[in-house]
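See below for the structure under consideration.
As the structure is a computational prediction, the values presented were derived from the model and not from experiment. Hydrogens, waters and symmetry mates are skipped; everything else that's a heavy atom, side chains included, is used.
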Amino acid sequence: MASVVGDRLRLVVKVLGSLVVDEVGLTARLRGRSKRDARSPAEDTESSAGSEQRRAKAVRQALESLGPFYVKLGQILSTRPDMVPESIRDELQNLHDEVDVQPFSEFEPVLARDLGPDWKLRFDDVETAAPLGAASLAQVYRVTLPGGRAAVVKIQRPGIREGVLADMALMRRASRIVARVAPRFNEVIDIEAMLGSVFDAMEPELDFTGEARNMDEAREHVRSFRSLEVPRVLHASPRVLVQSLADGQSVRHVDRAHFSDSERVEIGKDLLRFMYHGYFVHRFFHADPHAGNVFAAPGGPATLIDWGMVGRLDRRTSLQLLPLFMTLAQNDGAGLAQHWAEMGRLTPWANMPAFAADMAAFVPKVSHLALEDMNFGVSLTTVLAKATKRGIGSPPAVSLLGKSFANLDGSVRCLAPEITLPEVFQGEVPKILFALGREFLGRNQFARNSMELLLAAVTSPDQVRGVLSDVANRQFALNIHEPRTPAARGGQRPTRPSKGMIALGAAAFLLGRRRAG
């Protein structure tokens with residue numbers, strides 16, 4: 001492994017060194033030209049724009065040449081305006097995971113290693129002339145199983161796993177160096193934590209047994225969405241995955257005229273609903289639902305493929321994310337600012353009133369738009385950029401969420417651009433809340449909630465005695481008010497009952513019921 005890391009380090013240094021040399025040369029040429037030529041401001045602006053475009057293209061090509069890990073990293077950076085200039089972000093959105101096709105003979109040793117020397121007996125036919133897809137991690141071929149059933153086999157490229165793991169090790173070291181030399185930057189953007197969430201999501205791409213487990217889990221979750229399905233796993237080993245064939249073609253290439261309006265809109269809405277439940281209920285979501293990973297054909301369900309990269313959220317982050325979406329759907333910019341800050345963290349120089357004002361100005365511009373007029377991924381990056389500018393640190397999961405959001409609305413736009421995201425979300429909120437309520441009352445979660453109530457009671461005995469006294473005298477009342485916005489409070493943050501007080505109120509209510517019984 002050490003030798004692989006060393007080889008990758010030398011390659012990275014070589015590629016980045018070439019970028020630096022090109023940048024120095026470009027800067028020198030521009031300075032020399034400006035001294036020789038007398039140009040108008042418009043010509044200078046045009047020349048500068050052209051230079052930025054060339055610079056951005058060089059960065060994209062460098063990342064592509066370094067392989068799959070850097071391609072994924074570049075795709076994520078394309079959603080981070082707090083880290084990357086706009087010109088480079090625009091170019092990074094053109095990053096693709098496609099590479100030159102290798103001959104099938106290169107993959108036969110992988111099949112023999114994972115399926116055994118008699119691997120050919122597992123298939124009646126393998127269409128080796130051309131793969132269905134070729135990415136930097138694997139190639140996919142159409143096969144016919146014994147009995148005539150069509151399927152696909154995904155085969156990992158030889159040696160790719162070792163290279164990606166070496167890249168991850170290098171980036172971990174680099175993130176620690178950034179934390180030491182730029183502590184202020186790292187306080188707002190925790191590079192190591194952000195990379196950790198990306199690494200965790202990419203693990204199943206390096207071991208197809210993990211991708212198979214993801215598919216099995218996703219298939220259970222997708223059952224209640226009639227217009228969607230997930231391929232079935234037929235065989236899985238670390239480097240070979242056999243699965244059912246998805247009908248139709250990528251929604252990027254489908255002709256919407258071949259679908260009825262109700263059919264394509266329902267597929268689009270179900271895709272959104274499924275992903276919303278992934279974010280808020282299952283806390284398990286497809287991290288790369290771009291149009292190339294959604295297949296559809298008229299008259300049948302759409303298929304969501306490629307479950308190698310998934311995101312997982314902890315319960316707290318997921319619960320904090322839900323009101324964030326609700327404030328956007330309800331055109332509440334100040335509320336969005338507050339929930340974003342609660343989901344992330346405040347630096348010592350944070351300016352919450354300014355961030356609330358930013359969101360109060362921004363949210364009304366996008367909350368009512370249909371997909372054909374709004375890019376949700378761009379909207380999310382706008383919030384992210386404003387938060388960073390105001391000293392609001394964002395949670396590490398936001399990078400993967402941003403990638404997922406941006407890809408999701410792009411896929412839905414291909415089928416049904418007239419869909420309005422907030423409208424679909426608001427329609428799904430009751431189901432999401434019902435599912436969360438069932439979870440809250442489940443045995444394990446109920447036990448934890450009870451322990452938290454008891455802990456609150458033990459740590460605040462005077463408050464508990466006061467509340468219980470009010471309950472005993474029938475003087476206890478629970479008042480619920482809409483939180484006032486910062487504008488209504490002269491720029492201050494809205495006040496809410498603390499979690500401890502909410503817990504005490506619930507405890508008093510339960511104890512009051514027991515006494516009455």
In the structure I gave you, are the side-chain heavy atoms of Arg157 and Gln139 within less than 4.5 Å of one another anywhere?
yes

Just wondering, do Ile419 and Val412 contact through their side chains at under 4.5 Å, heavy atoms?
yes

Thinking salt bridges, do Arg176 and Glu192 make one under a 4.0 Å N-O criterion?
yes

Heavy-atom nearest pair, Phe295 first then Ile305, reads CE1-CD1, 3.6 Å

Of all the heavy-atom pairs spanning Ala350 and Ile392, show the shortest one and how long it is.
CB-CD1, 3.9 Å

Show your working on side-chain contact (heavy atoms from CB on, under 4.5 Å) between Val366 and Leu328 and close with a plain yes or no.
CA-CA 9 Å; Val366 298; Leu328 179 61; 4.1 Å; yes

I want to check something: taking the side chain as every heavy atom from C-beta on, are Asp114 and Ile155 in contact at a cut-off of under 4.5 Å?
no

Assert yes or no for the condition that the ring centre distance of Phe69 to Phe199 is strictly below 6.0 Å.
yes

May I ask you to check whether Ser197 and Asp200 show a side-chain donor-acceptor distance below 3.5 Å?
no

How close do Glu127 and Tyr141 get, heavy atom to heavy atom, and via which atoms?
O-CD2, 3.4 Å

Taking the side chain as every heavy atom from C-beta outward, state whether Asn407 and Asn293 have any atom pair closer than 4.5 Å.
no

Kindly give the heavy-atom pair with the smallest separation between Leu271 and Ser411, and that separation in Å.
CD2-CB, 4.2 Å

Is Arg413 paired with Glu418 through a side-chain N to carboxylate O contact shorter than 4.0 Å?
no

Does Arg273 have any side chain to side chain contact (heavy atoms under 4.5 Å, CB included) partners at least two apart in sequence or in another chain, and if so, which?
Phe225, Glu266, Lys269, Asp270, Val424, Glu428

Sub-4.5 Å side-chain heavy-atom contact between Leu115 and His235
yes

Lys389 with Asp358: basic N within carboxylate O range, under 4.0 Å
no

Would you say that Leu336 contacts Phe362 through its side chain, given a criterion of any heavy-atom pair below 4.5 Å between the two side chains?
no

Is the ring centre of Phe405 less than 6.0 Å from the ring centre of Phe325?
yes

Pair Glu64 + Arg60: basic N to acidic O under 4.0 Å
yes

If you compare all heavy atoms of Arg219 against all heavy atoms of Arg223, which two are closest, and at what distance to 0.1 Å?
O-CG, 3.3 Å

Tell me whether Glu342 is salt-bridged to Arg316, with the criterion being a basic N under 4.0 Å from an acidic carboxylate O.
no

Tell me, with the steps shown, if Thr327 and Asp332 meet side-chain hydrogen bond (donor to acceptor under 3.5 Å, both in side chains).
CA-CA 5 Å; Thr327 53; Asp332 181 4; 5.9 Å; no

State, with a plain yes or no, whether a side-chain heavy atom of Met309 is found less than 4.5 Å away from one of Glu211.
no

Do the numbers put Lys154 on top of the ring of Phe208, so that NZ or CZ is under 6.0 Å from the six-membered ring centre and no more than 45° off the axis?
yes

State plainly whether the residues Asp216 and Arg213 are in salt-bridge range, i.e. N to O under 4.0 Å.
no

Using a distance-only test with no angle check, is there a side-chain donor-acceptor pair under 3.5 angstrom linking Gln156 and Arg161?
no

Hey, can you pull the donor-acceptor pairs under 3.5 Å for the side chains in residues 239-252, sequence neighbours left out?
{"residue": "Ser244", "atom": "OG", "partner": "Arg232", "partner atom": "N", "Å": "2.8"}
{"residue": "Ser250", "atom": "OG", "partner": "Arg252", "partner atom": "N", "Å": "3.0"}
{"residue": "Ser250", "atom": "OG", "partner": "Ala291", "partner atom": "O", "Å": "2.9"}

Set of residues satisfying ring pair (Phe, Tyr, Trp, His ring centres under 6.0 Å) with respect to Tyr70, sequence neighbours excluded
none

Strictly below 4.0 Å, N to O, side chains only: are Arg345 and Glu187 in salt-bridge contact?
no

